[in-house]
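Labels below follow one simple rule: chain letters A, B, ... track the order of the sequence lines, proteins then strands, and each chain is numbered from 1. Quick caveat, the model's predicted, so the values are computed rather than measured.
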Amino acid sequence: MKARLEEQLADALATLKTDGLVPSDVSPQITVTRTKDPTHGDFATNLAMQLAKPAGVKPRDMADALVAALPASESVREVTIAGPGFINFFASESTLSDVVRRVLDEGDAFGRSEVGKGQRIQVEFVSANPTGPLHVGHGRGAALGATIANLLSAAGFDVQREYYVNDAGRQMNILALSVWLRYLSAGTAADFAFPSNGYRGDYINDIAASLRETEGDAFERDPAAVFSGVVDDEVVAADGTTTGDKEAHVDALIERAQTALGDNAWRRVFDHGLEAIIEDIRVDLGEFGVNYDEWFSERSIASDVEQVVERLASAGHLYEKDGSRWFRSTAFGDDKDRVVVRDDGRTTYFASDIAYIDNKLARGFEQVLYVFGADHHGYVTRMKAACEALGHDPQRLEFLLIQFAILYRSGERVQMSTRSGSFVTLRELREEVGTDAARWFYVMRRYQQHLDFDLDLAKSRSNENPVYYVQYAHARICSVLRELGHRNLAFEQDAGLAALDQLVEPAEAELLTLLATWPELLERAAIAREPHQVTGYLRDLANGLHSYYNGHKFLVDDDALRQARLCLLLAVRQVLVNGLTLIDVSTPEVM
RNA sequence: GCGCCCGUAGCUCAGUUGGAUAGAGCACCUGGCUUCGAACCAGGUGGUCGGAGGUUCGAGUCCUUCCGGGCGCGCCA
């Protein structure tokens, strides 16, 4: 409809040009938008206002001329000129109600489109270090990433969902050490101080226990030998002074552990810890409705890092300073250059990132989305710089910086401290408020906006909770259909579709317009990567339904009217389902 | 100091490439269930869109600047 109006306006404009009313070199953007106010019709354009100045004519006169040049159309009931020079289009009733037929025909596919043209796009999200369970901060990235992937898929993109597993590096060594030390203490009740920089959560004990189950006491070593002579751990005295070095302490212990166990055994401890945590994360996310096509291992591209570094070197983007090799990212707008190879020859984390970028693009993704926490925004420039230096178009990388979620309970901010061990895990959140509410709340705000997550509100089974409000609309429709059966009445879709012209109430017109808007909204939300537009829309649609419900009977005596209204209800229910499915919120028939 | 994000009703937030009278939820006030589910609906109170300039037919939206808040500015991961 919109596109048709735009074509007709383009024709009208061409006519005015040949008539000499509009200079031929003027070619404004012709846009037709939906109106907010029903008194302005269904669609509007500002074309006359754009043309008025170059043509030297008053906007309203220009509008008159445009309207006169428009062809008659069956789908348009009336065209008016309003305000400073808007042209308003009123859709004919049959055009409005026709959407019901489309919704029922297309079903689950209603709203899906092909604007993505099958373009291959990767969405990488969460990618939390596998050193412990996910916490509530990861939850927002998970919900947003999953929903954005769903939106893109619905908009016709070929989407791949990926989790980047940081299974290399010092943090993983600390994890392996932590597991092994718990394993030791569990086996021998050996008395030694657990390093202050180790991972202390209960889950480490569980992993250690399962390690003992599968490996027996094969990894037992004498703790005294491991600890003897290592740098002292950090100790904070009562007066606040500190002694020792927790970083050096834990690094020394890692070396001792590797020596004591030997490479093979160390590797098995390491992998046991890694796999246990990855599995935990996988299950956790799965229960949250978040699934991946690929769990991509950082280790798997370790051997590519050197090659990528050499490529940068031969392209002239590297230089040596202080024994290290630097990437000249300032040449691409970064505010400082970045080290890629340390003076001891080891590559940096950033070097791995570059190899990963190259790997992604080599896999054929035309567009690559990184869903990052807002604290990562500093990486954006250097990542794009590296992308460009490798000879790729940096526009193919896209970074969504997700602002933090702050939990509130009883009006008080919930403190999340990893150190104190009192942080809230995603699993605990799901158990407390339920998956539906968690998914909804995480995506209901723009991702650029901090999220105040009110635990009490998310939990409440009351009118204050927006999740229930929308689900209730769905359940209500189901309830009407059940009642239909109780009264021994039948639903006849063809009869209803034939009687759609009976839907003339304002509440019905509003619902019809909302239904017709869904495909446009879905497309916009996908292109903008903004799931919150969907929750906002669903709220409006539910509101339209509730309002309709309170004002009108559906199971009326008039057969044609009853069938028509039931068709409308089914169409509304279908779109509620389509929308809620995108954000992975359930659609209960009874509540 | 530099960079990114944010600032809209008492609170939490929408506001579609710049459009018509700035919207919604919560809170507060009023009204609506003998008839398909009141987890609902209808109406009302409430705004210098952080401040000041600028761009234009038109600015919450774009530009400049200032103020306020969050985050980041490692050869860490």
Asks: For B:A77, does either OP1 or OP2 sit under 4.0 Å from a side-chain N or O belonging to A:T131?
Replies: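 No.
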Asks: Hydrogens and angles aside, do A:Q563 and A:D559 bring a side-chain donor and acceptor to less than 3.5 Å of each other?
Replies: no
Asks: Can you tell me how far C1' in B:A59 sits from the matching atom in B:G43, rounded to whole Å?
Replies: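 To the nearest whole Å, 32 Å.
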Asks: For the side chain of A:H532, counting heavy atoms from C-beta on, which of B:A14, B:U56, B:C13 is nearest?
Replies: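 Per side-chain heavy atoms of A:H532, the pick is B:A14.
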Asks: With sequence neighbours left out, what residues match A:F332 under ring pair (Phe, Tyr, Trp, His ring centres under 6.0 Å)?
Replies: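 Result, ring pair (Phe, Tyr, Trp, His ring centres under 6.0 Å) vs A:F332: A:H317.
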Asks: Give me the distance, rounded to whole Å, that separates B:C33 from B:C13 when you measure between the P atoms they each carry.
Replies: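 Comparing P positions in B:C33 and B:C13 gives a spacing of 37 Å.
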Asks: So, OP1 or OP2 of B:C41: does either fall under 4.0 Å of a side-chain N or O from A:N543?
Replies: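 Looking at the OP1 and OP2 atoms of B:C41, one of them is under 4.0 Å from a side-chain N or O of A:N543.
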Asks: Applying salt bridge (Lys or Arg N to Asp or Glu O under 4.0 Å), name anything that partners A:R413, two or more places apart in sequence or on another chain.
Replies: none
Asks: Rounded off to whole Å, could you give me the CD1-to-P distance for the A:I174 and B:A77 pair?
Replies: 9 Å
Asks: With distance as the sole criterion, is a donor-acceptor pair present between the side chains of A:Q171 and A:N166 under 3.5 Å?
Replies: no
Asks: How far does the P atom of B:G58 sit from the matching atom of B:U21, given to the nearest Å?
Replies: 14 Å
Asks: Strictly by Watson-Crick or wobble contacts shorter than 3.5 Å, is anything paired with B:C57, and which nucleotide is it?
Replies: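 The base-pairing partner of B:C57, which may sit in any strand shown, is B:G19.
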Asks: Whole-Å distance between B:U56 P and A:K53 NZ?
Replies: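 To the nearest whole Å, that distance equals 7 Å.
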Asks: Just the rounded figure in Å: distance from C1' of B:A24 to NE2 of A:H546.
Replies: 14 Å
Asks: Please measure how far the C1' atom in B:G25 lies from the corresponding atom in B:U65, and state the result in whole Å.
Replies: 35 Å
Asks: Can you tell me the base-pairing partner of B:G68? Count Watson-Crick or G-U wobble geometry only, both distances below 3.5 Å, and say none if there is no partner.
Replies: B:C6
Asks: Once you round it to whole Å, what is the distance between P of B:C4 and CD of A:Q449?
Replies: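 Taking atom P of B:C4 as the reference, CD of A:Q449 is at 18 Å.
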Asks: Are A:D37 and A:T35 linked by a side-chain donor-acceptor pair shorter than 3.5 Å?
Replies: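 Side-chain D/A pair, A:D37 to A:T35: absent.
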Asks: Return the pairing partner of B:C28 with a 3.5 Å limit on both distances, Watson-Crick or G-U wobble; otherwise return none.
Replies: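 Per the H-bond distance test, B:G44.
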Asks: Quick one: A:E398 CD to B:C4 P, roughly how many Å, whole number?
Replies: 18 Å
Asks: Applying side-chain contact (heavy atoms from CB on, under 4.5 Å), can you list everything that pairs with A:A331, at least two apart in sequence or on another chain?
Replies: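 side-chain contact (heavy atoms from CB on, under 4.5 Å) check on A:A331 returns A:R328.
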Asks: Counting the atoms with a prime plus P, OP1 and OP2 as sugar-phosphate, which does A:A168 contact under 4.0 Å by heavy atoms, base, sugar-phosphate, or nothing?
Replies: sugar-phosphate
Asks: Taking the P atom in each of B:A22 and B:C4, what is the distance between them to the nearest angstrom?
Replies: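 It works out to 32 Å between them.
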Asks: Considering every strand and a 4.0 Å limit on heavy-atom distances, what is the contact class for A:A473: base, sugar-phosphate, or nothing?
Replies: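 The answer is nothing, as A:A473 stays clear of every strand by at least 4.0 Å.
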Asks: In chain order, what residues pass the side-chain hydrogen bond (donor to acceptor under 3.5 Å, both in side chains) check against A:D337, with sequence neighbours excluded?
Replies: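 In terms of side-chain hydrogen bond (donor to acceptor under 3.5 Å, both in side chains), with neighbours along the sequence ignored, A:D337 is linked to A:Y319, A:T330.
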Asks: For A:A528, which contact category applies under a 4.0 Å heavy-atom criterion: base, sugar-phosphate, or nothing?
Replies: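 If one applies the 4.0 Å heavy-atom cut-off, A:A528 turns out to touch nothing in the nucleic acid.
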Asks: For A:D540 and for A:N166, find the nucleotide of RNA chain B with the closest heavy atom, then tell me which residue's nucleotide is more 5'.
Replies: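 First, find each residue's nearest nucleotide; the 5'-ward one identifies A:D540.
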Asks: Listed by chain and number, what are the side-chain hydrogen bond (donor to acceptor under 3.5 Å, both in side chains) partners of A:D334, not counting sequence neighbours?
Replies: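 Only A:S329, A:R338 meet the side-chain hydrogen bond (donor to acceptor under 3.5 Å, both in side chains) criterion with A:D334.
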Asks: Per the atom types in the model, does the base of B:A20 pair as donor or acceptor with the side chain of A:N88 at under 3.5 Å?
Replies: yes
Asks: Identify whether any heavy atom of A:V380 sits under 4.0 Å from a base atom; if not, whether one sits that close to sugar-phosphate; answer base, sugar-phosphate or nothing.
Replies: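 Answer is nothing: A:V380 stays at 4.0 Å or more from every strand.
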Asks: For A:F296, check side-chain contact (heavy atoms from CB on, under 4.5 Å) against everything at least two apart and list the hits.
Replies: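 A:F296 satisfies side-chain contact (heavy atoms from CB on, under 4.5 Å) with A:E162, A:Y164, A:E294, A:S300, A:I301, A:Y356, A:N359, A:R363 once adjacent residues are dropped.
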Asks: Quantified in whole Å, what is the C1' atom distance between nucleotide B:G7 and nucleotide B:G47?
Replies: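 Going atom to atom, C1' in each nucleotide, I get 15 Å.
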Asks: If the condition is ring pair (Phe, Tyr, Trp, His ring centres under 6.0 Å), which residues does A:Y537 pass it with, not counting sequence neighbours?
Replies: A:W518
Asks: Of all residues at least two apart in sequence or in a different chain, which pass the side-chain contact (heavy atoms from CB on, under 4.5 Å) check with A:A499?
Replies: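 In terms of side-chain contact (heavy atoms from CB on, under 4.5 Å), with neighbours along the sequence ignored, A:A499 is linked to A:Q502, A:A560, A:A564.
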Asks: Touch check for A:R346, heavy atoms < 4.0 angstrom, all strands: base, sugar-phosphate only, or nothing?
Replies: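 It contacts nothing in the nucleic acid.
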Asks: Round to the nearest Å and state the distance from A:E510 atom CD to B:G23 atom C1'.
Replies: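 So the CD-C1' distance, A:E510 to B:G23, works out to 14 Å.
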Asks: Looking at RNA chain B, which of residues 433-448 of chain A put a heavy atom within less than 4.0 Å of it?
Replies: A:R445, A:R446, A:Q448
Asks: Test your reading of the model: is there a side-chain donor-acceptor pair from A:E6 to the backbone of A:V32, 3.5 Å cut-off?
Replies: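 Yes, because the side chain of A:E6 sits within donor-acceptor range (under 3.5 Å) of the backbone of A:V32.
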Asks: Heavy atoms under 4.0 Å is the rule here; annotate nucleotides 69-76 of chain B 5' to 3' with B where the base is hit, S where only the sugar-phosphate is, and - elsewhere.
Replies: -SBSSSBB
Asks: For A:L451 and B:G7, give me the distance from atom CG to atom P, rounded to whole Å.
Replies: 15 Å
Asks: Return the nearest nucleotide to the side chain of A:M49; candidates are B:G15, B:G19, B:A39.
Replies: B:G19
Asks: Rounding to an integer number of angstrom, what distance separates B:C41 and B:A24 when you compare their P atoms?
Replies: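 Taking atom P in both B:C41 and B:A24, they lie 13 Å apart.
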Asks: Can you list every pair that meets side-chain hydrogen bond (donor to acceptor under 3.5 Å, both in side chains) and has a residue in residues 374-383 of chain A, with sequence neighbours left out?
Replies: none
Asks: What is the distance, to the nearest angstrom, from the CZ atom on A:R524 to the C1' atom on B:G15?
Replies: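 So the two atoms are 11 Å apart, to the nearest Å.
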Asks: For A:C478 and A:R573, work out which heavy atoms get closest and say how close.
Replies: SG-NH1, 3.5 Å
Asks: Crowded around A:E398 CD? As in, over 12 foreign heavy atoms under 6.0 Å?
Replies: yes
Asks: Heavy atoms only, 4.0 Å cut-off, all strands: where does A:A52 land among base, sugar-phosphate and nothing?
Replies: nothing
Asks: State whether the distance check finds a donor on one side and an acceptor on the other, under 3.5 Å, for side chain A:T31 versus base B:U17.
Replies: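 Looking at the base of B:U17, it does pair with a donor or acceptor on the side chain of A:T31 (distance under 3.5 Å).
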Asks: Work out how far the P atom of B:U17 is from that of B:C62, and round it to whole angstrom.
Replies: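 The same atom, P, in both gives a distance of 10 Å.
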Asks: Between protein and nucleotides 29-36 of chain B, map the contacts as a letter string: B base, S sugar-phosphate only, - none, heavy atoms under 4.0 Å, written 5' to 3'.
Replies: ---B--BB
